Amino acid sequence: MKGILKIIAVSLLLVFSLSGCSDFEEINTKPDAFTSDEVSAKYFLTGIQIELYAPNRFPYWRAHLIHADRYAGQFTFGFNGCWWNDGLSYTYNIGYTNAAYDWMAGYVSNLSVYQNFVSPGGELENEKFYAIGLIMKGLYYQMYTDTFGMVPYSEASDPDVITPKFDTQAEIYQGVIADLDEAMDIIGSESVTGEGLEFLAENDLFFNGDLQKWKKLANTLKLRMALRAQGAPGADFATAVINEAIQSPLLTTSDDNALMAKDTEINQFGNAAYGDIWHNFGGVGSKWKVGKTLVDYLRDNNDPRLSAYAKPIEGGEAVFKKPAEGSGVALFDKYIDFVLAELDNAGVNYTKSGSADEITIVVDEGPYYVGQPTRLNGDIYPHIKYNLFSEPADWVINPKNTGQPIFPEVVMTAAEGNFLQAEAIVKGLATGDAPTLYKEGIKQAMLIWNVDEAAISEFLGNEEMALLNGTMEENLEKIAIQRWIAAYTDGFEAWAIVRDTGYPTELANGVSDYDIYSAGTLNGEYPERMRYGTSEYNTNGQQLEAALQTQGPDEQGTELWWSADN
């Protein structure tokens, strides 16, 4: 990574400096201080990869951690000592929402700069780099539209359109799939982008310049989107697209994984990681726990990823005191029963002592893995003790620039390619051996986390969760849950899986006991989307209002086009 630090820094400088310009034609003809024999598109590619999958700390904190990762049910706030209760983001917050929206909506500027450079007639014209740009565009728009719904698409990159219209999700999906097909046609049988300055290698943080892997990525994304669209109103195109994708190479083996290594030398304001929030915000206030639903599925099914995803609880002593006033007085027994039930559910051995007003527990020596329930409210906060719930594993939250390993950013994996095929077969949309593909998906998902192959074989050979042996719906539930588990640290996709499939139901069903959980702006329902940022209302309000007439109100509970409940 040290060898390309300067290249990445130059990439970011170029991309971010150009993104401030609105006239892309001028950029194409006058790239300030650089000429085509001095600059290659590969430097720009590095920048747009980083900006989409590892942006600076501000959106990484507010978009990923505060919203997507927690809507996905995989990370939780709200223990005693945390700065936030876990209702945060389930109650609309304009500042946090704006940070997420501005980052994601603003990405199109830098992507457009790249595409204008490499497109036919561009200053850095190269059809192979253009094909990669189309695939990056697909990755971006799938994330963007699956987060907000209708967004500017067909007119978004047109420099002559100041207020671009919002396209429907059906239009965006079809447009992206067409772009992916174009990209795959351009790549054909080619494996490299060119020679000399046009040779893409280490500047490609996904595949080290291997175009055939880019082609597999495009096809796997195509299959993901077609399966998500299948069954939605006006998605008649989906079945044919699924059949096309199944017939072409997909990401299926460990060598195919699109995992973006974290750069440990660029600072957190150019390229962030979870550790930049965990360690840099001070004390336990900014830390978080792993969600109950995730830990329960791993622990209760003897999944060997458990210790790779989470740490055992600290344990020790925990003291629960009845408050002197407020609603917590009457609910004290309910709160303590709730916490102890979570420990019991996880098989934690402890001794309990004390009186009606003060209860002490001492946890026996473990290890024990206990996930913190998602969406706890501020009233139960004093009793959710930090030492009773599992932190993320060190690989997830290690600080940068210390020489410690940091888990890479998940772009698309071989596990996904196998699971998607199994899903298509179970639904009767393709033919093949769904149980074998499902098991291969689990294996590939575990290998990413360095799980020992013997442990993988034991899980696949002995656990009910490794078998597709039920009804169609039961098998689809298993596939959805395994896709969701495999998307750990890829919160945007994990959240989309829950909304698309309705699984895990523990999350998709929302909450109803408001003594314990936060109703939020959603009145207990599961979040279906994020609201648009105020910048869009201020600069493109007329087009946005027109979109709302089609999509529905700008609320977190408004279901998207492909939603399982729509």
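Since this is a predicted model, take the numbers as computed values, not measurements.
- A salt bridge links R483 with E493; the closest basic N to acidic carboxylate O contact falls under 4.0 Å.
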List, one per line, each side-chain donor-acceptor pair under 3.5 Å for residues 230-253, sequence neighbours excluded.
residue : atom : partner : partner atom : Å
E244    : OE1  : K222    : NZ           : 2.9
T253    : OG1  : D256    : OD2          : 3.3

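- Between F166 and F148, the ring center distance fails the sub-6.0 Å criterion.
- Ring centers of F75 and Y274: under 6.0 Å apart, within the cut-off.
- Residues Y96 and S89 form no side-chain contact, since every pair of their non-hydrogen atoms from C-beta on lies 4.5 Å or further apart.
- For D276 and R57, the salt-bridge test fails: no basic side-chain N is under 4.0 Å from an acidic carboxylate O.
- Rounding to the nearest 0.5 angstrom, the gap separating the OG1 atom in T220 from the NZ atom in K215 is 12.5 Å.
- Salt-bridge check for R529 with D554: passed, with a basic side-chain N closer than 4.0 Å to an acidic carboxylate O.
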Show your reasoning for whether side chain to side chain contact (heavy atoms under 4.5 Å, CB included) applies to L111 and K137. CA-CA 7 Å; L111 179 64; K137 180 181 177 183; 3.7 Å; yes

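- Annotation: side chain of F206 is not in contact with side chain of L45 (no heavy-atom distance under 4.5 Å).
- Ring-centre distance between F407 and W449: below the 6.0 Å cut-off.
- Pairs of residues two or more places apart, or lying in two chains, never qualify as ring-ring contact (aromatic ring centres under 6.0 Å, His included) while including a residue from residues 537-556.
- Within the 3.5 Å criterion, the main-chain N or O of G188 finds a donor-acceptor partner in the side chain of Q212.
- Using a 4.5 Å heavy-atom cutoff, the side chains of W562 and Q169 are in contact.
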